[in-house]
Structures are given as structure tokens and as C-alpha cells.
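Shown next, in C-alpha cells, is the structure this report addresses.
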Amino acid sequence: MTKSRWILFCLVLVGTATFGLDALAASTGAPVPWQMYFRDAATPVMQDIVDFHNLILWIEVAIVLLVLGLMLWIIVKFNAKANPVPTRTTHNTALEIAWTVVPVLILLVIAVPSMKLLFFMDKAKNPAMTLKVVSHQWYWSYEYPDHDGFTFDSNLVPEDQLKPGQLRLLEVDNRVVLPADTEIRLVLTSDDVIHNWAVPSFGVKMDTVPGRLNEAWVKIDSKNIGTYYGQCSELCGVNHAFMPIAVDVVSKQDFQAWVEQARKKFAKADEPLKVVDAGTR
Amino acid sequence: MAEAHAHAHGHDHGAHAHHPTGWRRWAYSTNHKDIGTMYIVLAFVASLVGVAFSMMLRAELAYPGMQLIHDQQFYNVLVTAHGLIMVFFVVMPSLIGGFGNWFVPLMIGTPDMAFPRMNNISFWLTLVGLCLVATSTLVGTGAGTGWTVYPPLSNAVFHPGMAVDFAILSLHVAGAASILGAINFITTIFNMRAPGMTFHRMPLFVWAILVTAFLLLLALPVLAGALTMLLTDRNFGTSFFAPQGGGDPIFWQHLFWFFGHPEVYIMIIPAFGIISQVVSTFSKKPVFGYLGMAYAMVAIGFIGFVVWAHHMFTVGFNVETRAYFVIAHFHYVLSVAAVFAIFTGMYYWLPKMCGRMYDERLGQWQFWITFVGVNVLFFPQHFLGLAGMPRRIADYPDAYAGWNLVSSVGAAITLVGTLLFIYLLYRTLTAGERAPANPWGEGATTLEWTVESPAPFHTHEILPNITTQPAE
Ligand code: HEM
Ligand SMILES: [Cu+2]
Ligand SMILES: [Cu+2]
């Protein structure tokens with residue numbers, strides 16, 4: 001994050017800075033107290049989202065300052081005391097054209113990078129592996145079709161079973177593990193209602209829709225090895241708040257080792273995904 | 001048509017002649033002012049419920065963990081009911097049914113709406129809708145689907161019981177009421193303007209209601225169709241939205257947002273109209289770029305229909321929606337902009353509606369308290385959204401605790417401001433000074449200020465003739 005951006009942000013949010021550097025400190029794959037901004041980008045997609053957001057934020061700040069300035073000018077110079085006889089001017093063609101054309105131009109400036117971003121996010125170009133994500137009420141299951149298709153479920157660790165240091169409502173029993181420096185295609189679907197697999201640091205927030213396969217992709221640099229958290233982000237029923245996502249990003253070697261061990265551990269689960277009884281809710 | 005009306009009412013001599021009294025006056029009302037008043041009362045009552053629900057939500061979210069609402073389904077039910085009530089039974093009835101009914105006929109110089117009986121049924125259907133949505137929260141485990149009612153969560157498998165059916169019927173009935181209302185406004189504005197009241201002389205509030213009415217007329221039937229399909233999916237074994245039967249849940253989302261995006265404009269365009277009148281009145285000059293503003297509203301209306309797809313980004317086309325950022329964003333549009341415009345309209349037109357002035361000092365206090373409140377309430381939600389907090393969760397990871405507490409404190413401040421407004425209303429109605437026909441001076445040039453305050457039961461029985469350039 002560039003310094004100037006933060007300085008600007010603080011300027012706009014006068015007062016909020018009093019919460020101290022805590023809020024501004026670079027965040028990790030999990031949210032931190034008083035966080036005011038994105039988590040650090042771990043993928044190219046998220047980096048682009050952050051950059052795009054910053055572009056819009058600058059434009060927005062400029063517009064807000066302009067409007068605020070104009071309002072102050074009017075309030076000071078043209079209040080009933082300062083300007084007792086209002087002008088009857090009701091038209092200024094040049095001005096009216098300008099304030100129609102300028103916003104259109106601004107929209108174009110925004111539209112171009114936004115379309116680029118959409119296409120960039122859309123699909124992996126050369127995926128080296130695929131992770132299949134299936135949502136259920138109220139847990140996730142993951143499948144590794146390129147590694148003999150083993151699969152496992154990932155459930156919330158309830159509050160009373162948390163180990164010290166584990167994050168409430170974010171920790172799961174079986175984290176999904178992904179290799180760094182690898183272009184990974186995510187294929188997402190659902191077993192029951194619509195859920196949403198969202199990991200903010202990855203810039204992924206994708207609906208899982210029954211009867212459809214949605215696609216997203218991630219590529220995480222080895223300097224970003226670590227644990228990343230997310231939550232279900234589409235209302236999916238009673239335990240919508242309680243089906244988190246935790247991803248361990250490890251080196252390629254560690255990933256191979258994990259795959260060997262996971263194959264054995266989840267061997268039983270090799271059979272096709274069971275369909276959860278639709279009646280439970 | 002205008003003529004027919006002038007005739008019908010031409011027999012009433014004197015302002016208060018020949019109208020039913022007691023409960024009949026209201027139940028059978030065909031009078032645009034009485035119906036407008038009833039809409040405002042309905043919106044007021046609904047807002048008490050909607051605000052109470054939102055305070056329960058914010059109270060629960062003040063601290064991490066589940067303290068007040070132990071059942072997540074109940075949280076979901078409150079979120080759903082709050083959203084539906086605020087949108088369909090607070091913002092729409094006050095802006096369109098309330099101010100629209102009261103002031104469109106007054107401003108264009110006609111004695112009443114084109115179809116007074118239809119106006120009556122519009123109001124009573126809206127009330128039925130409100131009762132149905134209230135019922136839906138009480139039936140079984142309630143409708144915990146969010147106001148977007150996405151299937152499959154909203155289908156009979158995941159929401160058995162009748163709660164969702166009640167919610168659907170509520171929207172159906174409220175939608176029908178709005179369609180009838182829209183037809184009424186369009187007909188009235190097209191055919192019943194006083195002589196000389198050309199389109200290009202119409203006050204901007206009337207323009208706003210006209211554009212809104214067209215949006216309603218085009219958007220609501222689509223919602224009605226979608227709701228009907230959902231109803232038959234739930235009850236009669238169709239599978240429009242069920243993948244097992246060849247349907248597709250995304251189909252619902254397209255239909256819903258075809259309605260949902262214009263709906264945002266339906267709530268904000270009348271607000272533009274009110275602000276335009278007020279700015280013009282108090283700056284004592286016609287609105288700058290009047291025609292530009294009128295056609296801007298028309299253009300916004302058009303655009304509203306082509307951008308519904310942007311709601312579908314995370315669906316599979318793919319961004320920063322569905323996080324708390326969205327909650328912050330639409331509350332700024334709806335709660336801050338639309339609701340402040342409703343307050344503005346109340347202050348501006350109270351003297352005309354009830355014949356009494358409000359206390360300016362109390363009004364200033366109410367503005368500042370509410371203004372600070374909503375900003376403390378909604379601004380921190382931007383941070384929560386950027387940091388990754390999802391919507392519609394009753395409990396959140398502990399890192400989000402700080403800004404959530406700030407937001408809940410903001411809710412409490414907003415509540416104080418809202419209660420102060422209720423007190424101000426009470427004071428105005430019971431002890432306010434008598435208002436003259438035009439309390440706002442030379443800048444108030446629209447026709448409603450030419451009739452006495454409170455506006456008599458019948459107005460413009462002799463059609464005004466607008467020959468000069470009227471107020472904008
Ligand atoms: C008193 C001020 C208000 C407060 C404290 C408030 C609070 C809330 C809260 C806490 C939520 C749920 C957030 C979540 O968990 O996802 C919510 C949702 C919502 N609110 Fe408000 N709100 C207020 C005013 C309004 C107004 C005036 C409107 C007008 C339309 C409105 C429309 C909505 C809608 C449409 C939703 C989304 C419901 C859903 O997710 O299905 N709110 N509000
Ligand atoms: Cu879910
Ligand atoms: Cu969910």
C-alpha cells in the first residue's frame with residue numbers, strides 16, 4: 001500500500017485516525033481489529049481489485065470535495081443576508097453541457113478498467129490444477145480431481161473447542177490446502193441452496209449455485225505463503241454465519257507431502273459426494 | 001377528463017360540504033388528500049416496526065457473540081422483514097402514496113386524481129400488504145430469506161410452512177396497489193393539468209412522480225410474474241427455479257433485479273423532486289437548469305432498466321458486493337437520502353397538510369442529531385465491508401467488533417433523532433401556530449401555496465389558469 005493513499009484516506013476520515021496505527025497496519029489473511037481497508041492482496045486478481053477501488057476512491061474524493069466546496073461557496077456567498085436579491089438566472093448552456101458531459105467521461109474512465117478487471121477475473125488462462133468447491137448447509141467440501149479426486153469436508157470449529165490462537169467463527173477442522181506459485185482453477189457448485197465462497201485476500205467471492213458450475217481462479221505467490229480466512233457470503237439459512245473458509249497456502253513441496261497424507265486420511269471419502277438430505281434446515 | 005371532474009365536484013359548495021364523516025370518511029375515501037394522509041399514517045406506523053426491527057438487529061450486532069437474538073433464523077427473519085417493510089411500506093407509501101397523492105393534484109391544478117375509487121383501493125391493498133408481511137414474521141419460523149427471496153432458500157424444501165407464502169402475497173398485493181397507483185398518476189398528470197400547465201411548466205416534483213409511476217408500471221409486473229412463479233414452485237410442483245426439474249435459480253435473480261434496480265430509482269427520484277421544490281422555494285428562484293433536471297430524471301429512469309445486470313456480478317459473470325459494503329452503500333442511498341427527503345417533505349408540507357407550523361428549533365435539533373446518527377451508523381460499515389464482513393450474519397469474527405459497536409452507537413443516536421421527530425409531530429399537531437396559506441414567502445410559487453392551510457377538502461374546483469411561467 002502506498003503511503004500517500006493512506007494519508008489521503010486519513011484526511012477524508014478526519015478523526016478516525018485517532019484509533020491509531022492498528023487500523024492502518026498491513027493486515028494478514030484474517031481481519032484485524034479496527035481494520036478500515038482491504039486485507040492485503042494475495043493474488044493478482046485481488047491486487048487489481050484494490051487498484052481499481054483506489055482509482056474510484058480518488059475520483060470519488062475529488063467529486064465530494066468539489067461538491068462540498070460548491071456548497072460552502074453557496075452557503076457563504078449567497079445566503080439571504082449576503083445576497084438578499086437572488087438572481088433570476090436559470091440557464092447557462094455551456095455549464096449544463098459541461099456537467100452532463102464530464103460525468104459521462106468519468107463513467108467511461110471507470111468503465112474501461114472495470115471491464116478489463118471483469119475479464120481478468122473470469123477464467124484461469126493456464127490452470128495447473130483444479131480445486132472443486134461444493135457448498136452444503138452448513139459446511140464446505142473440497143475435492144482435488146487432479147490428485148486422484150480425494151475429497152473432504154470442512155466444518156466450523158465450535159467456540160468451546162477452539163485451541164488458543166484459533167479465530168472464533170473463522171477456524172475449521174480441515175483447512176483446504178493449496179500450493180503457492182500455481183495457477184489454480186476453482187470450480188464451484190452447491191448441493192442445496194446458494195452459498196458464496198469468499199476469501200477476501202484472494203479477491204474471490206463466487207456464488208455456488210445448485211445445478212451450475214461457476215469458475216474462479218487464484219495464483220498465490222510463494223512470498224504470500226500463509227493462512228487465509230473467509231466466510232460464506234450468501235444468505236443460506238440458519239447457520240449462514242457459521243460456515244467459514246480457511247485456506248493454507250504452502251510451498252509446492254509441502255503441498256505434495258500434504259496430498260500424500262491427505263489421500264490416506266480422506267481415503268474413505270473417495271466415493272461420490274453424498275447428497276445431503278434436502279429436508280434438513 | 002378534467003372537465004368531467006370539475007363537474008362532479010362542481011356541486012359541492014363550500015370546502016366541507018357533502019362528505020362522509022367519522023370512519024366512513026376514511027374507509028370510503030375517494031379524496032386525494034385524505035388518501036394521502038392515510039398513506040402517510042401507514043408509512044409512519046410501518047416505520048415504527050421497521051425501525052424497531054433494525055434496532056434489534058443493531059443491538060445484537062453491538063457485540064460479538066449472540067446475546068439478544070439466540071436463534072439465527074430469527075435474525076434472518078428480522079433482516080427480511082426490516083428490508084421489506086422499509087422499502088415497500090415506509091419509503092414508497094410516504095413518497096408516492098403520501099406526498100404524491102397530496103401534492104400532484106394540488107400542483108397541477110386539478111380537483112383530484114383521475115380515478116378516485118382506484119386510489120382508495122390502492123391504499124387499502126397497501127395496508128393488506130403490510131398486514132401480510134407482519135403475519136409472515138409470526139407464522140412458523142418466519143421468512144428468513146432476505147428481502148431478495150432467492151430460491152432455492154425460499155422454496156418449499158428450505159422454507160416449509162406458510163411464512164414465505166405470506167411474504168410473497170404481501171409483495172403481490174403491495175405491487176398491485178402500486179401498479180394501480182402508477183396508472184392513476186400517469187393518467188392524472190397526462191390528462192388533468194390545469195389550462196396552461198404544460199409539461200414544461202410542471203413542478204419538478206410532478207415530473208419526479210411521473211417518471212416514478214412509469215418505472216413502477218414497467219418494473220412491478222415483472223416482479224409479480226416472478227413471485228407467481230415462486231408461489232407455484234412452492235405450492236404446485238412447478239420448477240421454474242429448481243434445477244432438479246430443469247429450472248434455474250439464476251432466472252429468479254434476473255427477474256428480481258429487473259425489478260430491483262429500477263426500485264432503487266423508484267425510491268430516490270421522488271426524493272429528488274422534493275429537494276428540487278425546497279431548494280427553489282428557499283433560494284427564491286426557479287431551479288437552475290429546470291429542463292435538464294426533468295430530463296435527467298427521465299434518463300435515469302431509462303438507465304435504471306439496463307443496468308440490472310450489475311447486481312449479478314458475483315453470480316457467475318463475478319466483486320465487492322454482498323459484503324457489508326453493500327449495506328453501507330444502500331443505506332446511504334435509502335436511509336440517508338430518501339429518508340432525509342421524507343423528513344424534508346414533512347417539514348415543507350406539514351403547514352399545508354395540517355394547517356400548523358412546526359417548531360424550527362426542534363426541527364434543527366432533529367436534523368443534526370439524525371444526521372450525526374446515520375453517519376456514525378453507516379459510515380463504519382464501509383470499513384467492515386472492505387475488511388470482509390459478510391452481510392446478514394448475526395454473529396461475526398471478533399476482529400469486526402470495534403466498528404460494529406460504533407455502528408450500533410450510531411443506531412442509538414439515530415433512534416433519539418427519530419423519537420424527537422415524533423415528538424415534534426405531536427407538538428405541531430397539538431400546539432403548532434396556525435399556518436398561513438403560504439408560510440414560505442415569495443419563493444413558494446407552486447399552486448399548493450395558493451390554497452388555504454390546511455388545504456380544504458376540495459381544492460381547485462375552479463381550475464386555475466396558468467398563463468405565466470410558474471414555479472419550478
Ligand atoms: C434506523 C435506521 C436503520 C438501521 C439501524 C438499519 C439497520 C439495518 C441492519 C442492521 C440491516 C441488516 C444488515 C445485515 O445483517 O445484513 C439492514 C438491512 C436492510 N435495510 Fe436497514 N436500517 C435502517 C434504515 C433503513 C431504511 C430507511 C431502509 C429503506 C429502504 C432500509 C433498508 C434495508 C434493506 C433493504 C436491508 C437489506 C435486507 C436484506 O438483507 O434482506 N434500512 N438494515
Ligand atoms: Cu452458506
Ligand atoms: Cu451463507
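Fair warning: this is a prediction, and the values are worked out from it, not measured in the lab. For the numbers below, each heavy atom of this structure counts, side chains included, while hydrogens, waters and symmetry mates do not. By convention in this document, chain letters (A, B, ...) are assigned in the order of the sequence lines, proteins followed by strands, and residues within each chain are numbered from 1.
- Using cut-offs of 30° and 60° for the angle between ring planes, the F371(B) and F340(B) rings count as perpendicular.
- Residue K77(A) places its NZ atom among 12 or fewer non-hydrogen atoms of other residues, nucleotides or ligands, all under 6.0 Å distant.
- Counted by atom type alone, Y229(A) and E171(A) present one or more donor-acceptor pairs between their side chains at under 3.5 Å.
- Only the backbone of A394(B) comes within less than 4.5 Å of a heavy atom of chain A; no side-chain atom from C-beta onward does.
- Taking the side chain to side chain contact (heavy atoms under 4.5 Å, CB included) definition, one finds that T93(A) meets it with I97(A), sequence neighbours left out.
- If you tally non-hydrogen atom pairs under 4.5 Å between each of D398(B), V79(B), N155(B), L153(B) and chain A, the highest count goes to L153(B).
- Highest contact tally toward chain A, considering only T148(B), N404(B), D71(B), I393(B), is held by I393(B) [criterion: heavy-atom pairs under 4.5 Å].
- Residue P152(B) touches chain A through both its backbone and its side chain, counting heavy-atom pairs closer than 4.5 Å.
- Contact of Y396(B) with chain A is made through the backbone alone, with heavy-atom distances under 4.5 Å.
- Here the straight-line distance linking atom CG of D48(A) with atom CG of L55(A) works out to 12.0 Å at 0.5 Å rounding.
- Shown here are the salt bridge (Lys or Arg N to Asp or Glu O under 4.0 Å) partners of R234(B), two or more places apart in sequence or in another chain: D165(B).
- Among the candidates G292(B), P151(B), P249(B), the residue making the largest number of heavy-atom pairs closer than 4.5 Å to chain A is P249(B).
- Using cut-offs of 30° and 60° for the angle between ring planes, the F379(B) and F383(B) rings count as perpendicular.
- In this structure, the ring of W217(A) has its center less than 6.0 angstrom from the ring center of F120(A).
- Contact annotation for N79(A): neither backbone nor side-chain heavy atoms come within less than 4.5 Å of a heavy atom of chain B.
- Of all the listed residues (P210(A), C232(A), A198(A)), the one sharing the greatest number of non-hydrogen pairs under 4.5 Å with chain B is P210(A).
- Proximity to chain A involves both the backbone and the side chain of D395(B), based on heavy atoms less than 4.5 angstrom apart.
- When heavy atoms are compared at a cutoff of 4.5 Å, L95(A) approaches chain B solely by way of its side chain, counted from C-beta outward.
- Neither the backbone nor the side chain of T208(A) comes within contact range of chain B; no heavy atoms are under 4.5 Å apart.
- F52(A) does not touch chain B: none of its heavy atoms, backbone or side chain, sits under 4.5 Å away.
- Residue T89(A) touches chain B through both its backbone and its side chain, counting heavy-atom pairs closer than 4.5 Å.
- Note: F202(A) and Y228(A) have tilted aromatic rings, judged against thresholds of 30 and 60 degrees for the angle between ring planes.
- Using a 4.5 Å cut-off between heavy atoms, L170(A) contacts chain B through its side chain alone, with no backbone atom that close.
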